[in-house]
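What follows is a single structure, written as structure tokens, with notes after it.
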Amino acid sequence: MDYFRYKEGNLFAEDVNVEKIAAKVDTPTYIYSLATFKEHLQKIQKAYSELSPAICFSVKACSNINILKKLVQLGSGFDIVSGGELYRVLQAGGDSSKVVYAGVGKTDKEIVESLKADIGYFNIESEAELENLIRLAKQQGRKPKAALRVNPDVDPQTHTYTTTGKKETKFGVDIERAAKVFSDYGDNDAVSLCAIHIHLGSAGHTVEPYREAIEKVLKLVERLRNDGYKIEALDIGGGYGADYITGTAPSAADYASVIVPLLKGRDIKLILEPGASIAANAAILVTRTLYVKTGGSKKFVIVDAAMNDLIRPPLYGAFHFIWPARVEQKYEPKYRDKDLKLKGMEVIDVVGPVCEGADFFAKARALPPVKRGDLLSIFAAGAYGFTMSSNYNGRRRAAEVLVDGTQFEVIRKRETYEDLTALEQ
Ligand SMILES: *Cc1c(COP(=O)(O)O)cnc(C)c1O
């Protein structure tokens with residue numbers, strides 16, 4: 001699932017000792033593995049190859065332009081949700097015809113920029129947005145393609161905050177209303193409404209919701225085609241699982257084994273928008289232990305990373321496996337899970353320095369003995385990690401490092417104090 005492995009008690013990112021990177025770049029630092037990105041993307045490409053899909057990596061999961069450049073080289077398109085993400089994709093040399101743009105609140109400025117860049121599809125989230133796109137397309141003399149985002153009312157069985165395909169969320173239009181949107185706007189001359197988009201939400205652990213949603217949506221496609229509308233593409237979004245815990249997420253092949261047969265022979269172009277399933281396992285967040293502290297009956301390990309660096313545990317209640325970067329060989333983890341039962345472990349909370357009770361990475365977690373100065377690795381931090389980071393508490397954002405085999409390179413410098421106030425001068 002990734003290329004972060006222990007060798008003789010030392011954690012390696014591919015062929016580079018993580019201690020060596022921390023010594024050079026300091027902590028906290030995101031360390032990405034290029035081979036892991038490659039492997040996950042190529043597994044998806046291979047699993048769906050029969051349908052020659054467009055695979056549009058979801059930029060909001062991980063948006064460093066040096067990583068986007070590598071994904072461009074590997075043939076990836078991109079799923080964006082803002083003008084800023086379009087800018088990043090173009091800076092990285094991405095092919096704009098392989099860009100799909102979702103988001104319930106696209107501004108006029110963002111729409112015009114995307115029209116000028118001639119992106120692949122606008123994923124339309126409401127009638128009001130479509131009317132605005134029609135107006136701006138006419139003004140700009142462009143004829144963009146659009147997909148209607150429909151809400152299939154399927155529960156991906158994930159956290160409420162990452163559920164986006166249920167009726168009561170703000171995303172897309174109800175599937176019952178979709179036919180009406182086509183009859184109102186399907187024949188207009190300014191925007192070619194010729195595709196359907198769905199996105200169920202993030203990090204589900206089963207394939208079943210996809211089957212259910214695609215079956216619903218295919219009925220809609222059939223009906224629209226019978227009514228004379230040309231539906232050339234179906235964008236089934238992202239949300240495919242990632243192995244935060246070893247072996248818990250369905251593989252790309254597992255998803256494809258259900259999805260490909262549903263779509264084969266239907267003369268419809270498939271678009272996928274994977275984010276976490278490509279990026280999550282591709283990074284660790286490396287942090288140093290500042291203090292070990294006993295409070296009441298609890299023991300705390302206070303590290304130099306904080307919720308401003310990785311907010312998923314307090315935001316989503318997300319689990320991240322955490323382990324020291326150097327351990328006695330008997331403590332080398334054979335797999336990553338919630339409670340590894342090894343002798344001599346201590347139950348501790350791993351917390352950051354920020355002044356919030358929500359600033360934690362793990363609660364009541366069994367870990368091998370940790371002391372001041374030890375490096376800890378927070379695993380599966382590559383998706384919604386750095387991209388959700390902030391400067392809260394006057395903290396400089398972490399550095400990002402990309403490892404490729406025996407080589408590593410800083411792909412984003414650690415911010416400086418001057419950076420913190422630069423825009424306030
Ligand atoms: C966030 C998002 C994705 C990616 O979701 P993952 O869970 O990272 O795969 C795909 N499509 C849309 C529209 C999104 O908002």
Side-chain angles (χ1 to χ4, degrees), residues 37 40-41 43-44 47-48 53-63 67-68 71 76-82 84-86 88-89 98-106 110 114 119-126 129 146-152 154 156-166 169-173 195-207 209-210 213 217 233-244 248-252 255 259 270-283 312 315-316 318 380-388:
F37 277 108
H40 287 286
L41 176 60
K43 277 185 173 162
I44 298 170
Y48 293 89
I55 297 165
C56 298
F57 175 69
S58 186
V59 175
K60 75 181 190 292
C62 178
S63 66
I67 289 168
L68 300 185
L71 294 173
S76 186
F78 297 97
D79 158 46
I80 61 167
V81 293
S82 71
E85 288 189 350
L86 175 63
R88 282 183 174 277
V89 167
K98 288 198 266 182
V99 167
V100 294
Y101 182 7
V104 296
K106 302 177 186 81
E110 290 173 317
S114 304
I119 64 166
Y121 293 92
F122 286 83
N123 290 344
I124 296 297
E125 308 247 7
S126 64
E129 182 196 334
L148 181 66
R149 179 169 183 173
V150 302
N151 197 322
V154 165
Q157 291 145 18
T158 176
H159 194 279
T160 350
Y161 292 175
T162 58
T163 296
T164 56
K166 290 264 297 161
T169 71
K170 68 180 176 183
F171 304 97
V173 304
I196 299 290
H197 175 230
I198 54 174
H199 172 62
L200 303 183
S202 282
H205 289 291
T206 68
V207 186
Y210 289 85
V217 152
L234 174 60
D235 180 340
I236 61 169
Y240 316 100
D243 268 348
Y244 291 93
T248 51
S251 68
Y255 285 107
I259 293 169
L270 173 64
I271 301 170
L272 300 149
E273 303 173 339
S277 59
I278 291 177
N281 290 115
R312 298 187 73 257
L315 186 60
Y316 304 131
Y384 310 99
F386 187 87
T387 52
M388 280 194 172

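Each ligand, and each atom within it, is numbered from 1 in the order the structure gives. Start at 1 with the first residue, then count along the sequence.
- Here atom 8 (O) of ligand 1 lies nearest to Tyr384 when heavy atoms of Tyr384, Phe171, Tyr101 are compared.
- For the side chain to side chain contact (heavy atoms under 4.5 Å, CB included) test, residues two or more places apart in sequence or in another chain that qualify with Lys98 are Asp95.
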Derivation and outcome, side chain to side chain contact (heavy atoms under 4.5 Å, CB included), residues Tyr48 and Ile55: CA-CA 10 Å; Tyr48 293 89; Ile55 297 165; 5.7 Å; no
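- Across all their heavy atoms, Ala249 and Asp243 have their closest contact at N-OD1, 2.8 Å.
- Using bins of under 30°, 30° to 60° and over 60° for the plane-to-plane angle, the ring pair Tyr101/Phe122 lands in the tilted bin.
- Both the backbone and the side chain of Ala276 come within contact range of ligand 1, each with a heavy atom under 4.0 Å.
- Between Lys60 and Glu85 no salt bridge is recorded (no basic side-chain N to carboxylate O distance below 4.0 Å).
- An N or O contact shorter than 3.5 Å links Glu273 to ligand 1 by distance.
- Close approach of ligand 1 to Asp79 (heavy-atom distance below 4.0 Å) involves ligand atoms 2 (C), 3 (C), 10 (C), 11 (N), 12 (C), 14 (C).
- Taking only nitrogen or oxygen atoms, main chain and side chain alike, Val81 does not reach within less than 3.5 Å of ligand 1.
- For ligand 1, the polar-atom distance check against His197 finds no nitrogen or oxygen pair separated by under 3.5 Å.
- At least one donor-acceptor pair under 3.5 Å links the side chain of Tyr240 to the backbone N or O of Gly237.
- Close N/O approach between Gly239 and ligand 1 is found [any backbone or side-chain N/O within under 3.5 Å].
- Ligand 1 places these atoms under 4.0 Å from at least one heavy atom of Ser58: 1 (C), 2 (C), 3 (C), 4 (C), 10 (C).
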